[in-house]
Amino acid sequence: MVDVQEPEEMLRAAALRVTRPRLAVLQAVRAHPHADADTIIGAARQVLGSVSKQAVYDVLSALADAGLLRRIEPSGSPARFEARVGDNHHHVVCRSCGDIADVDCAVGEAPCLHASNDHGFTIDEAEVIYWGTCPACTAKKTLETQNT
């Protein structure tokens, strides 16, 4: 799912003021899917010149709360952010390098998985993280094995 809306339109539609830090953070997340806050801070600083870490954290929080960004937290990794929202896709994470890629929903629409016992909850989302080794790390490991 590709979102072609302009950042200004997205902010206004979410009833958020259009500010330079918000625009810079939205653009940084679009340019660096699954990036951690430090990567986003660096990208925002390239656009803005200077911005505090706290300002970027505040913007990330506001944008995630407004549904403009999605925050994911793979085990053992800092929080990551992505602009792909509005669907219930999942992720695959490399155990070696930490690379993350999107995986479309396994069974259609959200929550796309059904709990064996919902305990009375109304479930609206299922989060799945697949773990494995990415092609680059697999190739590197194969090469290292061959050279030993």
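Expressed to the nearest 0.5 Å, how far CG of Leu26 lies from CD of Glu6 amounts to 11.0 Å. To the nearest 0.5 Å, atom CD1 of residue Ile40 and atom NE2 of residue His32 are 8.5 Å apart.
Contacts of Asp65 classified as side-chain contact (heavy atoms from CB on, under 4.5 Å), with partners at least two apart in sequence or in another chain: Ser61. For Gln46, the side-chain contact (heavy atoms from CB on, under 4.5 Å) test picks out no residue, with sequence neighbours left out. Taking the salt bridge (Lys or Arg N to Asp or Glu O under 4.0 Å) definition, one finds that Asp102 meets it with Arg84, sequence neighbours left out.
When all heavy atoms of Ala83 and Arg30 are compared, the pair lying nearest together is CB-CG, 3.9 Å. Minimum heavy-atom separation, Cys97 to Cys94: N-SG, 3.5 Å.
Counting only heavy atoms from C-beta outward, the side chains of Ser52 and Tyr57 never approach each other to under 4.5 Å. A heavy-atom distance below 4.5 Å is found between the side chains of Leu63 and Val25. Counting heavy atoms from C-beta outward, Arg17 and Arg12 have side chains that stay 4.5 Å or more apart. Taking the side chain as every heavy atom from C-beta outward, His91 and Tyr130 never approach each other to under 4.5 Å. Using a 4.5 Å cut-off on side-chain heavy atoms (C-beta onward), Leu48 and Val51 make contact.
Annotation: side chain to side chain donor-acceptor pair (under 3.5 Å) contacts involving residues 66-77, sequence neighbours excluded, comprise Arg70-His89, Arg71-Glu73, Ser77-Arg80. For residues 34-52, no pair satisfies salt bridge (Lys or Arg N to Asp or Glu O under 4.0 Å), with sequence neighbours left out.
Val92 and Ile100 fall into different hydrophobic clusters, where Ile, Leu, Val, Met, Phe, Trp and Tyr residues are linked whenever their side-chain heavy atoms come under 4.5 Å apart, directly or through other members. A continuous path of Ile, Leu, Val, Met, Phe, Trp and Tyr side chains, each step under 4.5 Å between heavy atoms, connects Val59 with Leu23, placing both in one hydrophobic cluster. By the criterion of side-chain heavy atoms lying less than 4.5 angstrom apart, applied directly or through intervening Ile, Leu, Val, Met, Phe, Trp or Tyr residues, Ile72 is not grouped with Leu68; the two fall into different hydrophobic clusters. A continuous path of Ile, Leu, Val, Met, Phe, Trp and Tyr side chains, each step under 4.5 Å between heavy atoms, connects Val18 with Leu16, placing both in one hydrophobic cluster.
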Legend entry - Working for side-chain contact (heavy atoms from CB on, under 4.5 Å), residues Ser96 and Cys134: CA-CA 8 Å; Ser96 296; Cys134 72; over 6 Å; no
Inset, instruction - I would like to know whether Leu69 and Leu60 meet side-chain contact (heavy atoms from CB on, under 4.5 Å); could you show each step before the answer? - result: CA-CA 8 Å; Leu69 297 181; Leu60 287 168; 3.7 Å; yes
Scan the side chains in residues 139-146 for donor-acceptor partners under 3.5 Å anywhere in the protein, sequence neighbours excluded, and list what turns up.
from   : atom 1 : to     : atom 2 : distance (Å)
Thr142 : OG1    : Thr138 : O      : 2.9
Thr145 : OG1    : Lys141 : O      : 2.8

